[in-house]
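Heads up: the structure comes next, in structure tokens.
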Amino acid sequence: MAENNSIGIVAPQTAHFSEPFTLKSGEVLPQFELVYETYGTLNAAKSNAVLVCHALSGNHHVAGKNAEGDKYAGWWDNLVGPGKPLDTNKFFVIGVNNLGGCHGSSGPSSINPDSKKPYGASFPIVTVEDWVNSQARLLDLLGIQQLAAIIGGSLGGMQALQWTIAYPERIKHALVIASAPNLTAQNMAFNEVARQAIITDPEFYDGDYYAHNTVPRRGLRIARMLGHITYLSDDAMGEKFGRKLKDTIKYSFDVEFEMESYLRYQGDKFAGEFDANTYLRMTRALDYYDPALEYGGDLSKALNKVQAKFLVVSFTSDWRFSPDRSREIVKALLDNERTVSYAEVTALHGHDAFLMPDAHYHSILCNYLQKIDTSTL
Amino acid sequence: MQNNVNITNTNQKYRQDFAIIAGWVGFGSKVLDLGCGDGELLVYLRDSLEVKGYGVEKDDANWLACLQNGTNVIQMDLEDGLSGFEDQSFDTVILSQTLQAMHKTEEIVQEMLRVGREIIVTFPNFGYWRNRLQIISGNMPVSKTLPYQWYDTPNVHLCTINDFDQFCKNHKISILERKVITDGDEMSFMPNLLGNLAMYRLKSN
């Protein structure tokens, strides 16, 4: 699993869909585009495809680099590549930017072909179900009838779960990591604070800030800072920063502690590259997802038709998507006598742990993925 | 929770305790193995009886071995109970040579009876004569079955066959069957003295 086993240079591709697409809200997108990347080779039987679903701030660029000079590789580069747990010598891996995103797929910041202006506030609210349905269209386009596996962490795990519910016959294995069958009130509360930070920013202009040649930087920055606090555990922040000072105490509101420096850096970086309207929609998709709702809150009934084999993974210090929430998914699968294994990985890094190359965690994924038979559908 | 006892000769593929458990488990039934170790028993039951098996294992290395064995395995601590499992959702729940290492002994047995229609409990018999001999000579027993020193043993609730019989009586648990084995042979004569491993098939009264 050495870092030099890289995919190398990859080029994103764009798929255009001109058939009207009805969203869960009832709104219809007359057309849309999805940007995606692929790694490895699709075999003749088209039976080795794996879809990687991204979380809140992720995108289609899962692994490798888009150009030689790129500073960073894709967001899950430690997982995907030749000889890595999601081995591209075996699997054909697909990363896709979700609908409503800001990295090339149709979203609030992309140009509405009808008006020739950014969609802005007019871009509809999209849900996890909509993402899965749009991803299904992409697979249709690629001629992939069934996925050898679907994998995702956090919001990505919700998409993996939703795939097994909406398209049970199209998923052989689902890897649901650091996820939940819905958000708790506390979890949604963090999203609400993040959204309020953005919406009340004077530069927000009801979501049509593009027309004013500005962005709600302050709001997006605060939203991201808040997010980062919740992705780390108290212990991880303690180990990383503790009460370390940047310099000597100045009795001011400038950066005094290392932790503040980190949060400001992360906030600034994010506000410079992510779209606020997309952030609003991603958090709403998280809030709305609740597959058990139409079954009177009974997740076991919601998962009654799933056929996939499951690997569910949680991390002990993750309090935003706690192990308890993963156990709910496991219980619902057990109630339906489905094939499921569940690992509760001892980790310091809180929710962020799902993106880190912890040896035991990667060994779990590696062993599970190695056993998947990709020879036939 | 690791199985810390290996009662059979390691050169033998055949394990008498596995064979007895297999005799108590129905073909194609649904089985939960608590403290399943590397999943060896579940693999045996799957291959011989086509059971639908799930294991529960706390230890990372054992959990991974289960995954490699193709066993469904849930990582959790048995001391927390079996809250992730519905009442009467398994034909058989097994606790193989782990009871003696449990802190919440009564709780786990009650939980097993809640989740399983029948349960199988096996444990090393502390009343075995070799253990008694070591006690008489003034030392805590150390043997192939109880391979730990007093200061590093995970075994916190060792008991004899007589003790466990009384436990079942006190807790209104029916003993459907009991077998006692020593080095692979069944012991029907003076089992509490001559038996090394006690095996019980139980259900609620």
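Only heavy atoms go into these numbers, but all of them, side chains included; no hydrogens, no water, no symmetry mates. In what follows, every chain begins at residue 1, and chains take the letters A, B, ... in the order their sequences are listed.
Using a 30° and 60° split on the angle between ring planes, A/H173 and A/Y368 fall in the perpendicular class, above 60°. Ring pair B/F123/B/F164 is tilted by interplanar angle, where 30° to 60° counts as tilted. Ring orientation note: the planes of A/Y231 and A/H351 are tilted relative to one another, at an angle of 30° to 60°.
Heavy-atom distances place both the backbone and the side chain of B/L67 under 4.5 Å from chain A. Contacts between A/V330 and chain B at a heavy-atom distance below 4.5 Å involve the side chain alone, from C-beta outward.
Screening B/K203, B/K52, B/R117 for a salt bridge (Lys or Arg N to Asp or Glu O under 4.0 Å) with B/D91, the sole residue that qualifies is B/R117.
The candidate with the highest count of non-hydrogen atom pairs below 4.5 Å against chain B, out of A/T346, A/V312, A/D335, A/V345, is A/D335. Per-residue counts of heavy-atom pairs under 4.5 Å with chain B were compared for A/K309, A/Q370, A/E344, A/E328; the largest is that of A/E344.
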